[in-house]
Structures are given as C-alpha cells and as structure tokens.
Amino acid sequence: MPLITLPDGSTRQFNQSVTVADVAASIGPGLAKAALAGRVDGQLVDTSFLIDDDADLAIVTERDDDGIEILRHSCAHLMAQAVQRLFPSAQVTIGPVIEDGFFYDFSFERAFTPDDLAAIEKAMQKIVKENLPVERSVLSRDEAISLFREMGEDYKVEIIESIPGDEDLSFYRQGDFIDLCRGPHVPDTGKFKAFKLTSVAGAYWRGDSDNEMLQRIYGTAWGSKQDLKLYLQRLEEAEKRDHRKLGKQLGLFHFQEEAPGMPFWHPDGWTIYQVIQDYMQSVQAANDYKEIKTPQLVDYSLWEKSGHASKFSDEMFSVESDNRMYAIKPMNCPCHIQVFNQGLKSYRDLPLRLAEFGSCHRYEPSGSMHGLMRVRSFVQDDGHIFCTEGQIQSEVADFMQLLFAVYRDFGFDEVILRLSTRPEKRVGSDDLWDNAEQALKDALEATGLAWQLQPGEGAFYGPKIEYSLKDCMGRVQQCGTIQVDFFLPERLGASYVAEDSSRKTPVMLHRAILGSFERFIGVLIEHYAGAMPAWLAPQQVAVLNITDKQGEYCKQVEESLKNKGFRAISDLRNEKIGFKIRELTLQKVPYLLIVGDKEVESRTVTVRTREGADLGTMALQAFCDHLQQDVFSYGRSEANRATQ
RNA sequence: GCUCGCUUAGCUCAGGCGGUAGAGCACUUCAUUGGUAAUGAAGAGGUCCCCGGUUCAACUCCGGGAGUGAGCACCA
C-alpha cells in the first residue's frame, strides 16, 4: 500500500505496488506521455520501476536536466541500433553522454562517411516511428558473456569481463537491439523529438593509443526542435568568435606552411602582445620578482643532466654546430637554476623569485596543434620561486592572490581550479608529498572557490595546481599553473646555506599566470570576440574626417592623442563617413572621433563607440579623460571596477 | 602520431564528361568632397598546395608528401 509523495508535497495512496508510469498516468495523460524516467527517493529509475513502499517520487521529463541526459543516453542506443541495422558487421562498444550530446564508438571495417551519417540519421527516425518499447532485464555475468559472445560482440564481452565481482548486470532491449547499460532509459523509442548526428572521428579503444582505432559518431539530442535549433545557433556564434578567424580578419597574426605551429605576429597582434608583456612586467616587479633572460640554445648535456633528454627528446628541437648538440630550449627552469647557482645563496636570500618571458620551442605532435592555443613556439610568463619547504604554503597563497588579480584585469572572473596529486611513478618521500599536497590544498581552500581533484595526475617531481579558462567552444584551456618541484634543484646542484650553516637544497615552484602568451591571447580574442577592451586594443582611437578640408585638424588630433600615450590613427581617405565608420567598426576600434567643419571651428571632436553609441561632441581633453578612465579600468567586469 | 575531411585570386567561396577557370569583397585608376555600418565606373590580379604516375592532354583520375579542420592520443 505505497504512499507516494510528489515534489509539490501532495501525496497519493495506492492499493498495490505501482510503477513510475502508473503514477504519472494517475496524475494525467499528458504527464504519462511526457514521462522519461522517475526519481524515487532521489534515485533515477526507469518508468517501469516498481514501487512497493512509501516513497518520494518525481516524474522526470525533458524539462528536467536529468531527463535530457537520459534522452541523450537513449539516443546513443538509438543510433547504435540504427548503425547495426544498416551495417550488421559493426560491433558496438561504448556510448556515453557528453556535454550537449552523446557519442557511440563502433568497430567497423571501414570509416563512416558523411553519407553514412545521413543514412544512419534516417534509420534512427524510422526507429522513432516504430515506437519500440525499451525493456530492462537482468542477466548474470556468465549469461551476459555467452549472449554477447554469440552475437559476435567481442568488445562488449571484454567490457563485461572487466566488470569486477559477480554482480548481476542490467540490459536494455529495444526491438532487435540489446545493450549492456546501467540505465535508466526512456520507456520507448517514440520519445525522441530533436536530434542530429554531428561528426565522425577516430577514437582509440579504451582511450589507449596502443589499441586499435574505433569509429566514433557524435550526436546531439534535445527536448524540442527549438532547443536543437538554439544549440546549432550557439555553435555558429561560437565559430564567429574563433580566434583563428578573428586573427585573420583583424590582421593580428598568421601561420604558414614553412613554420607549422609558429605564429607570425603582425603589427596589431604584436601590439596586444607587448601591452600584455608590459603589464606583466610591472605586476611582477611589484610582487618582488626579478626578471632575467636566458639563452635559446643550450648544450644537450644540460638537458641530459636535468633529465629532460631521456623523457622528452622526441619533443625537443635540436641544432648541431661545431660538433656540439644544442637543444632549443623547451622550457626555462634548468636555465633559471643556472642563474640561482651563480654565487653562494643563503637562507636569507629565500624566497628568491626569478621571472622570464622565456621563448620556448617544443615539437608538439602534429595533430595536437590548434591555432594559437597549442603551438610549437611560444613565450611563457615563466617564473621560478626558490624557497624552503616551510615557505611553500605562503608562496602558493601569494601567487594565487596575484593570479586572480591579473585574471580579473583581463576580464576573467571564472577560473577552473584543479589540483593534481602524486602519480605512481614519482620521486621524493611520502612525507614530502604529504606536506606539499597539503600546502596546495590549504591554498585552494583559502580561496573559498570550488576546485577539482585529479588524483595521480601530478608530475613525477611534485604536485601542481592548474588554472584554466574556457574557450568559445567550451574547451578548457589551461593557462596558469603552480607546480612544486622536489627534484630538479637537487639534480642540477642548487643549494643554499641554512641557519645552522649546513647546505640545503631549495624547493622550486614553477609558476605561470598567463601560461603561454600565444594561448592566452587566443583565449582573450575569443572571450572578447575580437573587441579588445581599450587598454589592450591595438588601436584605441581613430580620427575620421568628413571631407578633405578637415584633414589637417585630424592630424593634429591624432598627434595630440599619441603624445598623451594613446594608440591613435587617422583615416583621411576620400571615402564617405559611413564607409569609414563601417570599416573601423568592423576592425573593432573602440572609439571613433568624427571631425567635420563644426568640430574644426569649435576645436572639438564628436565621439562614437564601436558599439554604435554617440557620446556627443566634446573638447579633446574631455575625450582623453574618458579614454584614460577606460584604459585604467582594464578589462575588469563592472562588479570588480569599484573595488580595485 | 592515429582516423576521416579539406586545400581554386589578398580574403570568403563557386565551378567543371580530363581540353589550363569564375563571383563578391579587397587592390589600382578615374569621377565624386559626401555628417554616423558599403558612392559610381573602369582595370589589374591564378604554378587551381607540392612531387610523381596514367593520358594526345591533369587543377580535375591514381600514388606519395605537406599544411590545415574535427575528434582521439599526447601536453615537461
């Protein structure tokens, strides 16, 4: 005699055990039709789930985030069924839900083509029309293994065999298709209203590049056609923000075949780059970092000593000259230790913070390169803090303060924080790791922000925190990092004289805020859709004349702006004012100063922003004050402007 | 590095049974001096990514390579 309590607090009494579907039907036919699953005492279940006792129940529909997830998961099954109908020899493997969609990996003798995708989508629609019931069943491991072995599904057999214990396993059948799955799933294949297969790609079995490559089909599914449309529009919008596209349109940089993965910076792109570097230089100086510069080419023997040669030689560029082998430096830390090692250091010198805008080259695998986000030549805002073990905590905490302040200036209020802890293969005692990991954890906790733990993902020489931002496609881009290193200083012979006059090895903290300038600028371009805030904009002001008559005055205004330290250009071309406004707006120049006879006569300028706002006619000085204020506010969001 | 796709004018892209190609914008010239997102006209512009092969003939077909895109793997 279960008493069912619904989310609104109302209750329903039943004389016998009921399914989720029964309860939904008792509430109304509309809900019965919309029900995708149920949440019984917080647990997601199929609509066929039988409730014996009193319980809290929520009917899950497509309006529910969980409902959408279930829909997507079931859509992966729908696709697998369609694939096997069209290509009976294709074997199924796994098909999980991902952000905004799902994928399924198949083993098949050839790759799927875009035409196949269209055919599969059609077959999926047919199965939707067939409105097949989706039925859950439970099999023992042995039964399951023999069933899938009979079906020739070798991968499924391998998956089932790898599930530990001898627990029973749940299966879902819809018509001629059955799949191992935890569920829950939609009650029938008639529930799909809006889905689309988006792409095919290879993917390694079990994510291991030593394994064979499977065929992965990506799809997306939504509760309504409207939602699907909105999603596809969102993708289109994101494409417009792509830094590679904007970089070309705005003339910031280019790539060419002769230098794969190595950007050529153009004047406007380089302006942004330099403004950022100037900013970082002053920020770091204010935080007691000492800037240094170390060589590009360093004899291979140093990389052998540091241990990089044995681990990363495939990814290092090298140069032979005078019968010596040099590596083009892939990182700066060994060189920074060389600087530390010059002269005897005392504990009084610690912490010693060395910083370098270090130009590095790495032979990244060809398939991993991606615009400015992953390149083969880049500059890091690199820094190494030499300190004692006891100083780790405060150094990390200070660093994070600095990092957040910098990110706020660049307009990023949301940062993804991840702590990577000790991997299996590592150096150093467990005590050492305990302390270092604790110091990083404490620093993270002190921020009051959410952070993720990545157990075992730390470097072999120490744990690390990574600070990531999202690009326009939602891809997470790691920018900043701080890593504890117990290994390299000792390996390269760094030491200091302690209070008891013994020689000790310093701990080294590798740290970067922006990470690589290249990637950071890529993220910035996408974040601002190319419309850089005034402090970063390559050109802050353009002065436009209406006719040739005002040319001279425009030049004076331009000069005057430049003398005040602003980046200004004038556009005196023999074109209509509308044309020039359009062009410079598309070039995303923040301020346009329009000058006609009126302005020359009254010695003023008329100000238009790139957003199209008319700020009116004013004296040049008044405009300079406005611009100065804009520049001083950096890219801070409104909330952060007042407080800084 | 792996799978699949793509590569045609400065840019964005069409195109063709195998007979060496086209648009829009940009560029140059001329006219126009016009007050807030495109003034008009004319002109110039191509190793159809590279190297081989098939063919009377290859930008087009075949093989190899490079770059690039999506994804996978990698990321000190």
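Any value given below was found using the heavy atoms of this structure, including those in side chains, with hydrogens, waters and symmetry copies removed. The sequence lines fix the lettering, A, B, ..., with proteins before strands; numbering per chain opens at 1. The structure displayed is predicted, hence computed values, not measured ones.
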Classify the nucleic acid contact of A/A459 as base, sugar-phosphate or nothing, counting any heavy atom under 4.0 Å across all strands shown.
nothing
Students often get this wrong, so: under 4.0 angstrom with heavy atoms, is A/G612 touching a base, only sugar-phosphate, or nothing?
nothing
Can you pull the contact range of chain A along RNA chain B, 5' to 3', using atoms under 4.0 angstrom from its heavy atoms?
B/G1 to B/A76
Taking the six-membered ring for Trp, are A/Y104 and A/F106 closer than 6.0 Å centroid to centroid?
yes
Would you mind writing out the side-chain donor-acceptor pairs for residues 365-373 of chain A within the sub-3.5 Å range, not counting sequence neighbours?
residue: A/S368; atom: OG; partner: A/P365; partner atom: O; Å: 2.7

Under 4.0 Å, counting only non-hydrogen atoms across every strand here, what does A/P260 touch: a base, just sugar-phosphate, or nothing?
sugar-phosphate
Look at all strands and tell whether A/H370 reaches a base, only sugar-phosphate, or nothing, counting heavy atoms closer than 4.0 Å.
sugar-phosphate
Residues which pass ring-ring contact (aromatic ring centres under 6.0 Å, His included) with A/Y528, listed by chain and number, not counting sequence neighbours
none
Can you pull out the residues from residues 537-556 of chain A that lie within a 4.0 Å heavy-atom distance of RNA chain B?
A/I546, A/T547, A/D548
Determine whether the aromatic ring centres of A/Y231 and A/W222 lie less than 6.0 Å apart.
yes
Using a strict threshold of under 4.0 Å (side-chain N to carboxylate O), is an ion pair present between A/D614 and A/R608?
no
Indicate yes or no: does A/R244 engage A/E526 in a salt bridge with an N to O separation below 4.0 Å.
no
For A/I577, which contact category applies under a 4.0 Å heavy-atom criterion: base, sugar-phosphate, or nothing?
sugar-phosphate
Rounding to an integer number of angstrom, what distance separates B/G18 and B/C13 when you compare their C1' atoms?
24 Å
Going by the rule salt bridge (charged side-chain N to carboxylate O under 4.0 Å, His left out), which residues pair with A/K305 if we only count those two or more places apart in sequence or in a different chain?
none
Of all pairs that satisfy side chain to side chain donor-acceptor pair (under 3.5 Å), the ones with a partner from residues 480-492 of chain A, not counting sequence neighbours:
A/Y461-A/Q483, A/T481-A/Q483, A/D485-A/H510
Which ranges of RNA chain B pair up as stems, where a stem means three or more consecutive Watson-Crick or G-U pairs with both distances under 3.5 Å?
B:1-7 with B:66-72, B:10-13 with B:22-25, B:27-31 with B:39-43, B:49-53 with B:61-65
For A/Y218, which contact category applies under a 4.0 Å heavy-atom criterion: base, sugar-phosphate, or nothing?
sugar-phosphate
Across the strands shown, which category fits A/D597 at heavy-atom distances under 4.0 angstrom: base, sugar-phosphate, nothing?
base
Presence of salt bridge, A/E395 and A/R353, under 4.0 angstrom:
yes
On a whole-Å scale, what distance lies between the C1' atoms belonging to B/A70 and B/C30?
48 Å
Kindly say whether the aromatic ring centers of A/F378 and A/F517 come within a distance under 6.0 Å.
no
I would like to know whether A/F386 and A/H336 meet ring pair (Phe, Tyr, Trp, His ring centres under 6.0 Å); could you show each step before the answer?
CA-CA 10 Å; A/F386 295 87; A/H336 285 203; 7.9 Å; no
Flag the pair A/R234 and A/E237 as a salt bridge only when some basic side-chain nitrogen lies within less than 4.0 angstrom of an acidic carboxylate oxygen.
no
Partners meeting side-chain contact (heavy atoms from CB on, under 4.5 Å) with A/E575 (sequence neighbours left out)
A/R573, A/F579, A/K580
Contacts table for residues 248-255 of chain A: side-chain donor-acceptor under 3.5 angstrom, sequence neighbours left out:
residue: A/H254; atom: ND1; partner: A/H266; partner atom: NE2; Å: 2.7
residue: A/H254; atom: NE2; partner: A/Q256; partner atom: OE1; Å: 2.8

Distance between the C1' atoms of B/A44 and B/C49, in whole angstroms?
24 Å
For A/L584, report the nucleic acid contact type (base, sugar-phosphate, nothing); a contact means any heavy atom under 4.0 Å.
nothing
Categorize A/Q215 for me: base, sugar-phosphate, or nothing, with a 4.0 angstrom heavy-atom threshold over every strand shown.
sugar-phosphate
Within the 4.0 Å heavy-atom criterion, would you say A/F579 contacts the bases, only the backbone, or no part of the nucleic acid?
sugar-phosphate
How is A/G367 classified with respect to the nucleic acid when contacts are heavy atoms under 4.0 Å: base, sugar-phosphate, or nothing?
base
May I ask you to decide whether A/R241 forms a salt bridge with A/E239, counting only side-chain N to carboxylate O separations under 4.0 Å?
no
Among residues 598-609 of chain A, which contact RNA chain B at a heavy-atom distance under 4.0 Å?
A/K598, A/E599, A/T606, A/R608
Base, sugar-phosphate alone, or nothing: which one does A/F112 contact when heavy atoms must sit under 4.0 Å apart?
nothing
Results of salt bridge (charged side-chain N to carboxylate O under 4.0 Å, His left out) for A/E552 - residues two or more places apart only
none
Mind listing the residues from residues 237-259 of chain A sitting with a heavy atom below 4.0 Å of RNA chain B? Number order is fine.
A/R244, A/K248, A/E257
